[in-house]
Amino acid sequence: MPDREGHPALTEIELGKVLSALADPLRRRVVRELAGGPDGEARTCSSFALPIGKATVTHHFRTLREAGLIRQVDRGNSRMATLRRADIEDRFPGLLSLLVAEGAEEAGGAGGVGDAGGAGGVGPAV
C-alpha cells in the first residue's frame, strides 16, 4: 500500500506502471536528469524547466511518484523530487543506465528512430 504521499513500497513498484510513466518523453527527461546527477540529489519541479504549464508539471510528477520512480517531499512552498535510485536498481537492474544512454545518444545525434540520419530531418535524395 502506498504511503500517505502516494509513494509505493518497493514490492509494489510494477514494471507496467514504470514503463507507462517512462513512455512520455518529458517524464523520461526528468528521470534521466535525476539519474545523471549525484545520488540523493533533490530538485524542485521548476528546476527541470519543462516547456509545459504548472498543472501539467504537477500531473507528470504525480505519475512518476505513483509509479515509484521518484520520491517527493514538501519543502515549504515547493516540493523536492529525488530519484528512487536504489529501489529502481533493485527492482529493474540496468533500467536507469538505459535511460542515461538514451539521453547521451539524443544529445550526440546518434541517428535514432525518427531521425533521418542526423541531418536535421533531411533524408537522402531519392
Side-chain angles (χ1 to χ4, degrees):
M1 173 179 241
D3 67 13
R4 58 190 188 97
E5 272 120 32
H7 303 104
L10 174 64
T11 57
E12 297 173 325
I13 299 175
E14 301 172 9
L15 181 60
K17 287 184 181 179
V18 168
L19 293 177
S20 180
L22 293 173
D24 183 89
L26 291 178
R27 291 193 291 258
R28 272 198 319 278
R29 177 176 138 189
V30 168
V31 173
R32 251 196 326 268
E33 286 187 30
L34 288 169
D39 193 22
E41 176 183 38
R43 291 179 53 181
T44 62
C45 299
S46 62
S47 72
F48 294 93
L50 299 176
I52 52 179
K54 205 171 184 182
T56 307
V57 168
T58 300
H59 164 74
H60 283 305
F61 277 85
R62 180 179 0 133
T63 300
L64 292 170
R65 183 181 69 243
E66 291 175 352
L69 290 163
I70 63 170
R71 182 169 302 284
Q72 285 187 295
V73 182
D74 288 328
R75 295 273 199 269
N77 62 354
S78 64
R79 296 192 95 183
M80 302 297 285
T82 57
L83 183 65
R84 293 180 64 177
R85 189 183 309 267
D87 291 343
I88 297 165
E89 283 300 322
D90 185 48
R91 292 287 287 158
F92 312 110
L95 178 62
L96 294 176
S97 297
L98 289 172
L99 291 172
V100 171
E102 176 194 39
E105 286 179 11
E106 288 176 1
V113 175
D115 184 353
V122 179
V126 180

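- Two different hydrophobic clusters hold M80 and L64 under the rule that ILVMFWY side chains link at heavy-atom gaps under 4.5 Å.
- With sequence neighbours excluded, the residues that form a side chain to side chain donor-acceptor pair (under 3.5 Å) with R43 are E33, S47.
- Using a distance-only test at 3.5 Å, with no hydrogens or angles considered, no donor-acceptor pair links the side chain of R84 to the main chain of R65.
- The side chain to side chain donor-acceptor pair (under 3.5 Å) test applied to N77 returns no partner, not counting sequence neighbours.
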Margin query: Run H60 and V30 through side chain to side chain contact (heavy atoms under 4.5 Å, CB included) and show every step you take.
Written below: CA-CA 9 Å; H60 283 305; V30 168; over 6 Å; no

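- In this structure, CG on D87 lies 10.0 Å from CG on L69, to the nearest 0.5 angstrom.
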Note to self: Working note: C45 + Q72, criterion side chain to side chain contact (heavy atoms under 4.5 Å, CB included); need CA distance, chi angles, decisive distance, verdict.
What the structure shows: CA-CA 10 Å; C45 299; Q72 285 187 295; 3.7 Å; yes

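- Of all the heavy atoms in P8 and A67, the pair that sits closest is CG-C, 4.1 Å.
- Atoms CG and CZ, from L34 and R71 in turn, are 13.5 Å apart once rounded to the nearest 0.5 Å.
- Here the closest non-hydrogen pair linking L50 and F61 is CD1-CE1, 4.1 Å.
- The minimum heavy-atom distance between H7 and I70, with the atom names listed, is CD2-O, 3.7 Å.
- Taking each heavy atom of G68 and I88 in turn, the nearest pair found is O-CG1, 4.2 Å.
- Put simply, the side chain of H59 does not reach to within 4.5 Å of the side chain of I52, judged on heavy atoms.
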Show which side-chain atoms of residues 89-103 pair as donor or acceptor with protein atoms under 3.5 Å away, not counting sequence neighbours.
from : atom 1 : to  : atom 2 : distance (Å)
E89  : OE1    : G94 : N      : 3.2
R91  : NE     : L10 : O      : 3.4
R91  : NE     : I13 : O      : 3.1
R91  : NH2    : I13 : O      : 2.6
E102 : OE1    : R28 : NE     : 3.1
E102 : OE1    : R32 : NH1    : 2.8
E102 : OE2    : R28 : NE     : 3.3

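- Looking at every heavy atom in both residues, G40 comes nearest to T82 through O-CG2, 3.8 Å.
- Linking Ile, Leu, Val, Met, Phe, Trp and Tyr whenever their side-chain heavy atoms come within less than 4.5 Å leaves V73 and V31 in two separate clusters.
- Considering all non-hydrogen atoms of both residues, L26 and P51 come closest at CD2-CD, 4.0 Å.
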